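What follows is a set of notes on a single structure, which appears directly below.
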Amino acid sequence: MSVSGHDNSGAGAPRPADFIRDIVAGDLAAGRCKRVRTRFPPEPNGYLHIGHAKSICLNFGIAREFGGVCNLRYDDTNPMKEEPEFVDAIYEDVRWLIAGWADHCLGLKPRGKKPETIVTDGKPDFYLGPVTKGDAHCDAWPDDTLEPFYASDYFEQLYQYAVQLIKKGKAYVCDHTPEEVDKMRGAPDRPGKPSLYRDRSVEENLDLFARMRAGEFPDGSRTLRAKIDMSSPNVWLRDPVLYRIRHAEHHHTGKEWCIYPTYDFAHCLSDYIEGVTHSICTLEFEVHRPLYDWILENLELPRPLPRQYEFARLNLSYTVMSKRKLMQLVTEGYVSGWDDPRLPTIRGLRRRGVTAEAIRAFAYNIGITKYNALTDVAAFEHAIRDDLNKRALRRLAVLQPLRLVITNYPEGKTELVEAVNNPEDPAAGTRRVPFSRVLYIERSDFMENPPPNYFRLRPGGEVRLKYAYIVRCDEVVKDAAGNVVEVRCTADLGSKTGGPTAARKVKGTIHWVSAEHAFEAECRLYDRLFTVPEPDAEGDFIKYLNPNSLQVVTAKCEPSLMDAKFGEHYQFERLGYFVLDKDSGSKLVFNRTITLKDSWAKQAQKG
RNA sequence: UGCCCGAUGGUGUAACGGUAGCACAGCAGACUCUGGAUCUGUUUGUCCUGGUUCGAAUCCAGGUCGGGCAGCCA
């Protein structure tokens with residue numbers, strides 16, 4: 001299905017395609033919210049991957065389909081794990097992925113801006129709304145004056161919310177060590193024991209919490225905890241930690257803080273402060289939802305509260321997705337870096353030549369459910385081919401060259417044959433490709449003793465040279481070791497495209513380049529990184545690494561490829577889709593994004 | 001073991017009490033100056049057992065299987 005096939009940007013109500021969109025549509029119809037606001041909240045502790053892309057497509061997709069906004073927010077509440085390197089990379093990847101599709105729904109904020117204290121229904125309130133390119137006044141906000149949201153920008157407000165909770169007797173400072181807290185939490189089937197500090201007075205709690213902030217206590221010595229229910233069957237309701245002490249420098253707030261809110265405390269309130277209506281996350285947060293609601297409901301919040309909904313994260317066969325495993329592949333050198341074309345990272349896929357449109361189409365096709373599925377990479381590969389087939393410029397290149405000499409073709413003669421740039425898109429026009437007496441063809445397009453269903457070149461057989469002549473193989477030249485080093489042919493000189501015998505039917509058509517005109521380029525042939533569908537199912541995933549995931553060859557390319565542009569997609573006819581790699585210098589480097597579907601290889605394997 | 005969630009062809013999904021559909025993969029054929037693309041046809045499915053109902057993938061009960069949760073990670 002094409003991307004435009006599900007483009008809901010036009011008139012008419014979008015057709016809800018999954019249970020979350022159903023909910024959003026219902027809330028809008030019932031007036032429970034005026035305008036939908038979602039958010040994409042990555043923690044800046046790693047690079048984004050195809051799994052994040054699913055979430056981005058969902059959150060931004062909902063925003064654009066329902067005329068809302070999706071805030072990009074760094075969920076940066078843990079200074080030990082986060083780095084500016086990731087902050088920048090995430091922003092870049094998100095923008096690349098939604099460009100031309102949902103960039104008008106990208107919720108940002110004026111650089112440096114923090115929540116404002118406002119009054120809502122007579123009550124004090126904190127609010128920080130988004131600015132988008134879709135806004136009427138977007139001209140007032142040149143690119144560099146806007147930035148994503150940071151949960152860390154709300155630390156002051158979060159602190160005040162915590163104080164409010166303390167004043168209401170709903171939170172207390174706990175002096176137990178991490179080990180004690182752990183032990184006292186009990187087990188899923190066994191209630192926990194209350195903290196010895198659970199019944200401290202409000203005054204003492206306020207004092208201690210202020211001193212925690214002031215830096216009087218060492219890391220881990222105290223926490224702020226919610227006072228909920230130590231015997232709750234949901235362990236996340238057993239007085240969860242809201243604040244912990246970390247004398248660490250934060251990438252965004254520097255040394256301003258030495259206490260940091262936990263995910264549970266920060267996330268729901270960040271959603272609230274930003275006016276998020278639908279907070280969509282993955283299944284593992286399902287058990288946190290009661291806590292998400294508890295925090296919001298136990299504070300005096302005058303505006304409508306955000307609601308959390310969960311969906312199943314993406315699992316893709318033949319790949320690994322966890323941050324830890326991706327990190328290991330990078331740091332232990334199994335791949336060249338975070339943008340290695342074999343990685344499922346956004347930048348890896350991008351470098352590989354996968355388009356944002358293909359990723360979006362894939363995300364749309366797999367749908368959104370609560371079922372923990374394993375999606376076949378074949379579905380992703382289909383989306384990639386489907387997109388590239390429509391846009392790629394066709395070119396001729398030979399990966400494993402074999403000399404072919406046309407004995408009845410004059411030496412020194414060069415013809416320019418007309419070649420179609422893209423049969424799927426007539427507007428792409430044609431180009432001229434030099435043809436001469438000595439060519440290179442693909443080694444695999446000639447077989448001395450072929451199986452019966454082989455219909456490329458064989459001794460005595462005929463084959464069409466794409467865009468040029470039909471040739472017959474008369475003679476095979478071998479080296480001392482018996483390897484075929486050259487095939488000698490005669491051409492049917494009237495069979496050139498448009499010629500008198502051009503209509504003759506020959507079974508096979510092969511690609512070629514003119515030896516004297518071709519130039520050499522490095523081609524990096526990528527394949528799946530793993531050899532098994534579930535590399536991380538059990539044990540060491542490293543042992544399932546595909547030793548042939550990268551193969552480097554020197555290809556012979558048609559001259560027009562000299563002008564290859566970065567970001568342009570090419571189909572080397574009969575071989576696959578390629579893009580120019582950033583490593584290109586005086587010698588060009590092409591990455592193979594993906595092969596063409598090859599039913600011959602499958603058939604040959606069977607036979 | 002306690003709580004929460006889920007289960008529809010090989011895979012991913014739709015059907016919201018009324019003919020089980022779509023996509024991927026597979027297979028077969030047509031077409032093709034890419035063994036690509038395109039087109040056509042096609043194999044395969046409601047976890048189990050009861051119940052409600054004229055009628056159940058859908059509602060109810062019990063079971064089975066799978067996933068998640070006991071970080072001062074997110």
Side-chain angles (χ1 to χ4, degrees), chain A residues 1 17-19 22 41-43 45 75-78 80-82 174 176-178 181-182 185-192 219-225 232-238 240-246 259-260 262-264 266-267 281-290 310 312 317 323 365-383 385-386 389-390 394 396 420 423-424 453-456 463-468 470 495 497 502-511 533 571-576 595-604:
Chain A
M1 173 188 274
D18 55 66
F19 76 98
D22 279 346
E43 184 187 17
N45 69 345
D75 210 355
D76 56 349
T77 57
N78 185 350
M80 327 287 285
K81 296 194 167 184
E82 298 149 9
C174 174
H176 285 300
T177 64
V181 170
D182 226 38
R185 187 163 23 237
D189 58 338
R190 179 165 38 84
D219 287 5
S221 60
R222 285 174 221 261
T223 55
L224 182 73
R225 293 226 257 162
S232 170
N234 181 338
V235 294
W236 288 102
L237 259 20
R238 320 246 264 227
V241 170
L242 267 23
Y243 268 90
R244 63 302 206 178
I245 302 172
R246 291 269 180 284
I259 57 171
Y260 291 91
T262 55
Y263 163 83
D264 289 294
H267 204 93
C281 60
T282 44
L283 252 25
E284 66 269 28
F285 294 103
E286 222 164 359
V287 287
H288 292 240
R289 184 167 9 109
E310 310 86 13
S317 65
K323 272 179 187 169
N365 288 337
I366 58 176
I368 300 292
T369 66
K370 300 186 75 153
Y371 176 69
N372 205 297
L374 175 64
T375 300
D376 193 338
V377 259
F380 186 35
E381 293 172 342
H382 170 263
R385 290 193 180 98
D386 192 45
N389 176 49
K390 280 174 273 181
R394 314 292 132 126
L396 297 179
V420 175
E424 306 292 319
N453 57 353
Y454 184 85
F455 48 85
R456 285 114 98 174
V463 77
R464 150 93 49 197
L465 296 173
K466 180 91 182 177
Y467 304 125
I470 293 169
S495 66
T497 309
R504 278 179 54 208
K505 294 289 174 209
V506 278
K507 191 70 176 153
T509 299
I510 65 174
H511 59 279
Q571 184 198 102
F572 291 180
E573 294 214 35
R574 303 208 306 132
L575 297 172
T595 58
L596 262 31
K597 208 158 70 181
D598 184 3
S599 58
W600 154 250
K602 204 185 316 171
Q603 207 181 19

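Since the model is a prediction, treat every value here as computed from it, not as a measurement.
To the nearest 0.5 Å, the span separating NE2 on A:H382 from CG on A:D376 amounts to 12.5 Å.
If you check every strand for non-hydrogen atoms under 4.0 Å, A:R225 touches nothing. Residue A:Y467 is classed as a base contact, given a heavy-atom separation below 4.0 Å to a base. Residue A:R238 is out of contact with every strand shown, counting any heavy-atom pair closer than 4.0 Å. Residue-level contact check: A:K597 touches the backbone only, with heavy atoms under 4.0 Å from sugar-phosphate atoms and none from bases. As judged by a 4.0 angstrom heavy-atom cut-off over every strand, A:E573 is placed among the base-contacting residues. Backbone-only engagement by A:T369 is indicated by non-hydrogen atom pairs under 4.0 Å involving sugar-phosphate atoms exclusively. Note on A:F380: nothing from the nucleic acid sits closer than 4.0 angstrom, heavy atoms only. If you check every strand for non-hydrogen atoms under 4.0 Å, A:L374 touches sugar and phosphate atoms only.
Checking the phosphate oxygens (OP1, OP2) of B:rC33, a side-chain nitrogen or oxygen of A:K505 falls inside 4.0 Å. Neither OP1 nor OP2 of B:rG35 sits under 4.0 Å from any side-chain N or O of A:K507. For A:H382, a side-chain nitrogen or oxygen approaches OP1 or OP2 of B:rC24 to under 4.0 Å.
Every stem involving RNA chain B, taken as at least 3 paired positions in a row under the Watson-Crick or G-U wobble test at 3.5 Å, is listed here: B:2-7 with B:64-69, B:10-13 with B:21-24, B:26-30 with B:38-42, B:47-51 with B:59-63.
In this structure, A:K602 atom NZ and B:rC24 atom P are separated by 13 Å, rounded to whole Å. Rounded to whole Å, the distance from CZ on A:F19 to P on B:rA7 is 10 Å. A:K370 places its NZ atom 18 Å from the P atom of B:rG12, with the value rounded to the nearest Å. Per the geometry, CZ belonging to A:R394 stands 14 Å off C1' belonging to B:rC33, to the nearest Å. Distance NZ (A:K466) to C1' (B:rG35): 12 Å, rounded to an integer number of Å. If you take CG of A:L575 and P of B:rA37, they are 14 Å apart, rounded to a whole angstrom. In this entry the distance linking CD1 of A:I368 with P of B:rU13 reads 9 Å, nearest Å. Across the protein-nucleic acid pair, A:L237 atom CG and B:rC4 atom P stand 12 Å apart, rounded to whole Å.
Remark on RNA chain B: of its neighbouring residues A:N389 and A:N372, the 5'-side contact belongs to A:N389, judged by nearest-heavy-atom nucleotide. Comparing A:I366 and A:I510 by the nucleotide of RNA chain B whose heavy atom lies nearest to each, the residue mapping closer to the 5' end is A:I366.
Ring-plane geometry between A:H288 and A:F285 is classed as perpendicular, the angle between the planes exceeding 60 degrees on a 0 to 90 degree scale with a lower cut at 30.
Spacing of P atoms, B:rG12 relative to B:rU19, comes out at 25 Å, to the nearest Å. Distance check on atom P: B:rG63 versus B:rC3 gives 12 Å, rounded to whole Å. The gap from the P atom of B:rC5 to that of B:rA61 amounts to 13 Å, rounded to the nearest Å. The C1' atoms of B:rC16 and B:rC72 are separated by 44 Å, rounded to the nearest whole Å. Of the C1' atoms belonging to B:rA56 and B:rU8, the separation is 14 Å, rounded to the nearest Å. Across the C1' atoms, B:rC54 and B:rG68 are found 41 Å apart, a figure rounded to whole Å. With P as the reference atom, B:rG45 and B:rC22 are 15 Å apart, rounded to whole Å. Annotation: B:rA20 and B:rU46 have their P atoms spaced 12 Å apart (nearest Å).
The residues A:R289 and A:E310 are annotated as salt-bridged, a charged nitrogen and a carboxylate oxygen being separated by less than 4.0 angstrom.
In textbook terms, a nucleotide whose glycosidic angle is within 90° of 0 is syn, while B:rG66, being further out, is anti.
A donor-acceptor distance shorter than 3.5 angstrom exists from the side chain of A:R385 to the backbone of A:T595, with no hydrogens or angles considered. Side chain of A:S232 to backbone of A:N234: a donor-acceptor contact under 3.5 angstrom is found. Judged purely by atom type and a 3.5 angstrom limit, A:Q603 has no side-chain atom pairing as donor or acceptor with the backbone of A:S599.
The base of B:rG36 sits with one of its N or O atoms less than 3.5 Å from a complementary donor or acceptor on the side chain of A:E424. Taking 3.5 Å as the limit, the base of B:rG35 and the side chain of A:R574 contain no donor-acceptor pair of atoms between them. Side chain A:Q571 to base B:rU34: a donor-acceptor pair is found below 3.5 Å.
The heavy-atom pair separating A:K370 from A:L283 by the smallest distance is O-CD2, 3.4 Å. Nearest heavy-atom pair, A:V463 versus A:I510, reported as atom, atom and distance to 0.1 Å: CG2-CG2, 3.8 Å. When all heavy atoms of A:R190 and A:R238 are compared, the pair lying nearest together is O-NH2, 2.7 Å.
Residues A:W600 and A:R574 have side chains not in contact (no heavy-atom distance under 4.5 Å, counting atoms from C-beta outward). Side-chain contact check for A:F19 versus A:I368: some heavy-atom pair is nearer than 4.5 Å. Annotation: side chain of A:Y467 is in contact with side chain of A:V420 (closest heavy-atom distance under 4.5 Å).
Set against B:rU34, B:rC5, B:rG35, the side chain of A:E286 has B:rC5 as its closest nucleotide.
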For each nucleotide in nucleotides 69-74 of chain B, reading 5' to 3', give B when a protein heavy atom comes within less than 4.0 Å of its base, S when such contact involves only the sugar-phosphate, and - otherwise.
-> SBSBBB
